[in-house]
Protein chains: 2
Amino acid sequence: MSQIPLARRSPVPPESCNLAKAIDIIGDRWTLLILRAALYGVRRFDDFQAELGCPRTVLSGRLKNLVEAGLLTKRPYKSPGKRARPEYTLSSMGLSLRPILVGLTQWGDAWLGQGETPPISFTKVGSKSAIRAAFVDLEGREVRPDQIRAVLRG
Amino acid sequence: MSQIPLARRSPVPPESCNLAKAIDIIGDRWTLLILRAALYGVRRFDDFQAELGCPRTVLSGRLKNLVEAGLLTKRPYKSPGKRARPEYTLSSMGLSLRPILVGLTQWGDAWLGQGETPPISFTKVGSKSAIRAAFVDLEGREVRPDQIRAVLRG
DNA sequence: ACTCTGGATTTAAAAAGCGAACTTATCCAA
DNA sequence: TTGGATAAGTTCGCTTTTTAAATCCAGAGT
């Protein structure tokens, strides 16, 4: 049933694979949930903690990793009458993960939603029709998944 | 710099969010690396183990989880002169994660590749130009990231 | 019977996760 | 200037998970 031919090994060893590197950075439950919250506008330590319900130690470590990796930017904010505190916002590197997380949301809607209407969907401004994550060619036209070919360097 | 307005909480609580559910299933380093290998055609226990270099206990458990979640299908295969053994192939549910992992690969190429030519790239059949992950509207036309709006059910 | 081999489990030490309490720093009010 | 409120972490003791190595198991070939 699988269209994928049998292989004993993947064509790119994990050490030199950028997918494997990406997985090392974001392939973690709490890290992904932090990025999800950040994409929805959560920025502050206690807000992340309340949203995720994870131990503060874990949150602290994951935020530090994400800042070091360049996905989050840490900088002070100040609301009037309050002392300055750090906030964590997505860098352009982090923001560019958005299509992937939206794609994963829609994968979840399709396979894990148990037939219910998804609680959130995505549209183009000024339009009511849904958008979705997909592949496009250089001109911005969609390429269907079965039309994709992998090409090895060399 | 972040275009995302401040929020104290995400609009969809993690318990009812299909993205959070998806993260619960695949948001794990080894699980993602298993899926990566499976997308490249790896099917057998020892091949996964050699590819990932992970403890066999962990591999065994993750494979079981993925079968239970419906992403992998376990069935026997038999090469001539050998006893029957199980192999793990992607179900349609697992195959439909492909755009997401390809998108993540390209994210890694852009941000983690250190300027080197990516070891693997993706094109449309019969074309040499690269494709990329993006959003499209109903007609398959690209929607730029700044034109996307989230819509809550209600 | 004996051996080989691929798939998986057992075991014990190391690592990571967990929750609660504690510390720190600053603003505001008394 | 003292005291309290608040947000961002850190410390601490305990539990769970991961890890790596050894072991088990079933069936095919000899």
Side-chain angles (χ1 to χ4, degrees), chain A residues 6-9 14-15 20 23-35 37-38 41-69 72-90, chain B residues 6-9 14-15 20 23-35 37-38 41-69 72-90:
Chain A
L6 174 66
R8 311 299 307 271
R9 285 303 198 99
E15 311 82 71
I23 290 171
D24 278 343
I25 295 177
I26 67 159
D28 169 88
R29 180 176 141 74
W30 293 124
T31 301
L32 284 165
L33 290 172
I34 288 170
L35 292 171
V42 177
R43 295 184 196 169
R44 301 177 189 174
F45 190 93
D46 276 11
D47 292 343
F48 281 115
Q49 206 274 323
E51 171 87 15
L52 308 191
C54 76
R56 303 171 75 78
T57 45
V58 173
L59 178 59
S60 169
R62 295 295 196 283
L63 288 174
K64 188 182 295 186
N65 291 345
L66 284 169
V67 170
E68 277 168 14
L72 291 181
T73 305
K74 182 179 184 175
R75 79 169 140 236
Y77 74 91
K78 179 142 177 20
S79 28
K82 297 283 180 65
R83 60 180 279 212
R85 302 218 172 250
E87 71 177 3
Y88 301 88
T89 54
L90 288 162
Chain B
L6 173 66
R8 310 298 309 270
R9 286 303 200 100
E15 311 83 69
I23 289 172
D24 278 343
I25 294 177
I26 66 159
D28 169 88
R29 180 176 140 72
W30 294 124
T31 301
L32 284 165
L33 290 171
I34 288 169
L35 292 171
V42 176
R43 295 184 196 170
R44 325 230 256 234
F45 190 92
D46 274 13
D47 293 342
F48 280 114
Q49 207 275 323
E51 171 88 15
L52 308 192
C54 76
R56 303 171 76 76
T57 46
V58 173
L59 178 57
S60 171
R62 296 295 195 282
L63 288 173
K64 189 182 294 184
N65 291 345
L66 283 169
V67 170
E68 278 168 13
L72 291 181
T73 306
K74 180 179 185 176
R75 77 167 143 240
Y77 74 91
K78 179 144 178 18
S79 26
K82 295 282 181 63
R83 57 180 283 213
R85 304 234 171 237
E87 69 176 3
Y88 301 88
T89 54
L90 288 162

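These numbers were taken from a predicted model, which means no experiment stands behind them. Throughout, protein chains are lettered first and strands after them, A, B, ... in sequence-line order, and every chain is numbered starting at 1.
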Which residue lies more 5' along DNA chain C, comparing A:Gly53 with A:Ala84 via nearest heavy atoms: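 Upstream on the strand: A:Gly53.
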Residue mapping more 5' on DNA chain C - nearest nucleotide basis, A:Lys82 or A:Arg56: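 Going by which nucleotide is closer to the 5' end, it is A:Arg56.
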Short side-chain to backbone donor-acceptor contact, A:Glu87 and A:Lys74, under 3.5 Å: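 The answer is no, because no donor-acceptor pair under 3.5 Å joins these two groups.
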Donor-acceptor contact present, side-chain A:Lys64 to main-chain A:Glu68, <3.5 Å: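 Side chain of A:Lys64 to backbone of A:Glu68: no pair is present.
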Once you round it to whole Å, what is the distance between [atom2] of [N] and [atom1] of [X]?
X       : N      : atom1 : atom2 : result
A:Arg85 : C:dT26 : CZ    : P     : 9 Å
A:Asp46 : C:dT24 : CG    : P     : 18 Å
B:Arg75 : C:dG7  : CZ    : C1'   : 18 Å
A:Asp28 : D:dT18 : CG    : P     : 11 Å
A:Arg83 : C:dT23 : CZ    : C1'   : 12 Å
A:Gln49 : C:dG19 : CD    : C1'   : 10 Å
B:Glu51 : C:dG7  : CD    : P     : 15 Å
A:Asp47 : D:dG9  : CG    : C1'   : 15 Å

salt_bridge(A:Asp28, B:Arg29) N-O dist < 4.0 Å: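 Salt bridge absent between A:Asp28 and B:Arg29.
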Candidate pair B:Thr31 and B:Asn65, rule side-chain contact (heavy atoms from CB on, under 4.5 Å), full reasoning: CA-CA 9 Å; B:Thr31 301; B:Asn65 291 345; over 6 Å; no
Below 4.0 angstrom from OP1 or OP2 of [N], is there any side-chain N or O of [X]?
X       : N      : value
B:Ser60 : C:dT9  : yes
A:Tyr77 : D:dA8  : yes
B:Trp30 : D:dT17 : no
A:Lys74 : D:dG9  : yes
A:Tyr88 : D:dA7  : no

B:Tyr77 versus B:Arg43, side-chain donor and acceptor atoms under 3.5 Å: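 Result is no, nothing qualifies.
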How would you label the contact of [X] with the nucleic acid (heavy atoms, under 4.0 Å): base, sugar-phosphate, or nothing?
X       : result
A:Phe48 : nothing
A:Val58 : sugar-phosphate
A:Arg62 : sugar-phosphate

Terminal helix-axis angle for the helix from C:dA1-D:dT30 to C:dA30-D:dT1, with five pairs defining each axis and rounding to 10 degrees: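 Nearest ten degrees gives 0° for this helix.
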Nearest listed nucleotide, side chain of A:Thr57, among C:dT11, D:dC12, C:dG7: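 Among C:dT11, D:dC12, C:dG7, the one nearest the side chain of A:Thr57 is D:dC12.
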Side-chain heavy atoms of B:Phe45 within contact of B:Arg85, under 4.5 Å: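 Counting from C-beta outward, B:Phe45 and B:Arg85 never come under 4.5 Å.
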Side chain to side chain, B:Leu35 and B:Leu90, heavy atoms closer than 4.5 Å: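 Yes, close enough: below the 4.5 Å cut-off.
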Trace of the side-chain contact (heavy atoms from CB on, under 4.5 Å) decision for B:Thr89 with B:Arg75: CA-CA 8 Å; B:Thr89 54; B:Arg75 77 167 143 240; 3.3 Å; yes
